Amino acid sequence: MALRLTNTMTRKQEELKPIDDNRVRMYTCGPTVHDFAHIGNYRTYMFEDLLRRFLKYKGYEVIQVMNLTDVDDKTIRKSREQGITLDEYTEKYKKAFFEDIDMLRIERAEHYPAATEHVSEMVEMIKTLVKKGLAYEVEGNYYFSISKFNDYGKLSHIDLEGLKPGARVAADEYEKESISDFALWKAWDENDGDVYWETDLGKGRPGWHLECSVMSMKYLGETFDIHTGGVDNIFPHHENEIAQSEGATGKPFANLWLHSEHLIVDGRKMAKSLNNFYTLREVMEKGFSAVAVRYALLSTHYRQQLNFTFERIAAAANALERYIDFYNNLSDYKGGQSSGKAEKYIEKMLTGFETSLDDDLNISAALAEVFDFIRDINRLKAENKLSDDERIRALDALKKVDTVLDFLPRDDEGIDAEIEALIQKRAEAKKQRNFTEADKIRDDLLQKGIILEDTPSGTKWKRKI
RNA sequence: GGCGGCUUAGCCAAGUGGUAAGGCGGAGGUCUGCAAAACCUCUAUUCUCCGGUUCGAGUCCGGAAGCCGCCUCCA
């Protein structure tokens, strides 16, 4: 079955047809490392994680590039305020970013190019654009002339005549030929301090849009398969990328454009500027696990706005608990008599899971298949109608979909001798019918996030999710 | 003002014109020292509203209301 995705360019679902048969090349707009990212930012990276994992699930090789914007107005201003170099400043947030995506189990991309390491390539592209008459220079600043690029607006479907001049178009924009022209290169001024590059274009620094054009083409080629980002990037960022890239190469830039909707808080987009954001760290300090956040961010379709509440994270944690309990309980189950139904349930789930995700990554439908499967297998287990062989195949099926979902506990969260000792102690208390003592041990462990369950095959423990 | 999106149960959320998936929460039951987990039963005569097309509309068409986003360095 083929994967169909909604292309922002055509606003229709289109079948993914990779340029290289079995390999998918994708560019995913990454963070500006000027602060801790908030979970709204991670919503987009989570969608991209779902996409790349599902592509791999389907057997594709994936080459994903995610840029790190480590030079812009904010990083320069903040590093200067703190009296440290730009590198020192951005390093902290690059590190935090990778810590966060690791906790969220967002799989690492193949490349994380930083803007500051690609300045010479950016300068070359500007020179090409000038040579082609698509860019011009005013007082050391270089701008892209959108009137020279006929296709401008094809992604966002924006008619330039309809653009309302933005409040930010101000005195510092110098003498652009057209109000909508955008900066490719910014001449140094005193606010930039020691952040500048001496180049053929003069002393200055690159504009934001340029890095994505340069770095995507450097690592993926002039035309590649998929380009993604948040909906707020459609205009102007991605529109500008297309103008620069196609203007420079004369070739199509990306074949499929995918955009994820925003995370919403109290009815507003989560944003630094609205001061309504939560970082992953803040959510975790409230007692929620990163994997619960993963579930919450992953479980709503990417083109649907997702309203963030702590109730929602709690509900996600509970759903996750059902999923993980299923796996653990089935792992410990001693097989019974086959009823012959398990194979059918496994097939139905695996088929439904893939078919659902093939349909523009319909994760809700895919999860519904998984939960149906969990109920079906649990029923067989409760009736003792699941053979050991079927049990193992069911576990394998769950592990297979978990290569995409990645909700199962990691092995390194293993046995803790102290807990085992307390379970032992509690077993003794229970034997003597000292339930007060037994319950106290259970309650104490619960305070530490350890849940005990008495089962026919002994007491088991698990971590609170 | 221009462009786009959304509105389905207490909450979240799927839904090719054929009679409302799934999750959370809640109620009852089985099991259990008590719990937990698991299983069983129940929890939307109806999809923001008003028209229309159709044998049949959550789904298509028209209109209204409410909400959200983008409109020049936001994921």
Side-chain angles (χ1 to χ4, degrees), chain A residues 8 11 28-32 37-48 69 72-74 146 153 156-159 161-169 173 176 179-183 186 207-211 228-237 239-240 259-264 267-273 295-296 299-301 303-307 309 311-312 314-323 325-326 328-329 352 356 359 362-372 374-375 378-383 430 433 435 438-439 442 446 451-456 460 462:
Chain A
T8 306
R11 302 196 178 162
T28 51
C29 273
T32 301
H38 58 68
I39 56 173
N41 300 122
Y42 291 123
R43 201 250 167 131
T44 295
Y45 308 143
M46 194 64 80
F47 141 66
E48 290 152 356
T69 301
D72 79 323
D73 292 351
K74 283 187 282 251
I146 61 168
S156 51
H157 303 89
I158 279 175
D159 178 5
E161 303 303 317
L163 283 186
K164 192 174 167 181
R168 253 176 297 190
V169 178
E173 291 291 298
K176 293 197 289 189
I179 196 127
S180 299
D181 288 352
F182 58 91
K186 297 179 170 190
W208 174 47
H209 310 296
L210 193 61
E211 66 179 66
T228 73
V231 283
D232 48 1
N233 280 154
I234 296 171
F235 189 87
H237 183 51
E239 198 68 70
N240 291 351
H259 292 95
S260 63
E261 258 298 348
H262 285 136
L263 193 70
I264 301 295
R268 309 286 304 188
K269 161 185 167 183
M270 182 178 283
K272 288 268 158 58
S273 57
Y295 187 100
S299 59
T300 296
H301 189 266
R303 287 188 297 105
Q304 179 95 20
Q305 287 183 342
L306 196 165
N307 194 44
T309 59
E311 290 71 23
R312 187 177 189 126
N318 288 340
L320 200 54
E321 192 175 4
R322 179 166 167 80
Y323 180 98
D325 283 350
F326 169 75
N328 288 333
N329 293 341
S356 298
D359 178 20
N362 188 339
I363 187 68
S364 302
L367 285 173
E369 294 289 348
V370 174
F371 281 106
D372 279 344
I374 287 173
R375 168 145 296 142
N378 270 337
R379 190 188 309 111
L380 292 181
K381 189 159 80 67
E383 294 167 355
K430 276 175 67 182
R433 303 195 67 80
F435 296 119
D439 289 351
R442 184 167 63 190
L446 186 61
I451 297 167
L452 295 191
E453 293 177 4
D454 295 333
T455 77
K460 292 185 187 136
K462 64 183 180 185

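Note that the structure is predicted; figures quoted are calculated from it, not measured. Letters A, B, ... are given to chains in the order of the sequence lines, protein chains preceding strands, and every chain is numbered from 1.
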> Which dot-bracket notation, 5' to 3', represents the base pairing of RNA chain B when pairs are defined as Watson-Crick or G-U with both distances under 3.5 Å, crossing pairs as [ ], and inter-strand pairs as |?
Replying inline: (((((((..(((.....[...)))((((((.......))))))....(((((..]....))))))))))))....
> Salt bridge check: are R442(A) and D439(A) linked by an N-O gap of less than 4.0 Å?
Replying inline: yes
Distance, [atom1] atom - from [M] to [N], rounded to whole angstrom:
N: rC42(B); M: rU16(B); atom1: C1'; value: 31 Å
N: rC47(B); M: rA20(B); atom1: P; value: 12 Å
N: rA36(B); M: rC24(B); atom1: P; value: 15 Å
N: rA57(B); M: rC49(B); atom1: C1'; value: 15 Å
N: rC39(B); M: rA64(B); atom1: P; value: 49 Å

> N240(A) CG to rC70(B) P: how many Å, rounded?
Replying inline: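 In whole Å, rC70(B) P lies 16 Å from N240(A) CG.
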>> For Y323(A) and D439(A), find the nucleotide of RNA chain B closest to each by heavy atoms; which residue's nucleotide sits nearer the 5' end?
In response: D439(A)
> Taking protein heavy atoms under 4.0 Å as touching, what does nucleotides 8-21 of chain B look like 5' to 3' if B marks base contact, S marks sugar-phosphate-only contact and - marks none?
Replying inline: ----SSSS-----B
Which protein N or O atoms sit under 3.5 Å from an N or O of nucleotides 35-37 of chain B?
from    : atom 1 : to      : atom 2 : distance (Å)
rA35(B) : N6     : D454(A) : O      : 2.8
rA35(B) : N1     : D454(A) : N      : 2.8
rA35(B) : N3     : R442(A) : NH1    : 2.9
rA36(B) : O2'    : E453(A) : OE2    : 3.2
rA36(B) : N1     : D454(A) : O      : 3.3
rA37(B) : O2'    : N329(A) : ND2    : 2.7

>> Check whether R43(A) reaches the backbone of E261(A) with its side chain - one donor and one acceptor, N or O, closer than 3.5 Å.
In response: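 Side chain of R43(A) to backbone of E261(A), a donor-acceptor pair under 3.5 Å: yes, one is there.
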>> Side chain of P236(A) only, heavy atoms from C-beta on: which candidate in rC24(B), rU72(B), rC40(B) is closest?
In response: rU72(B)
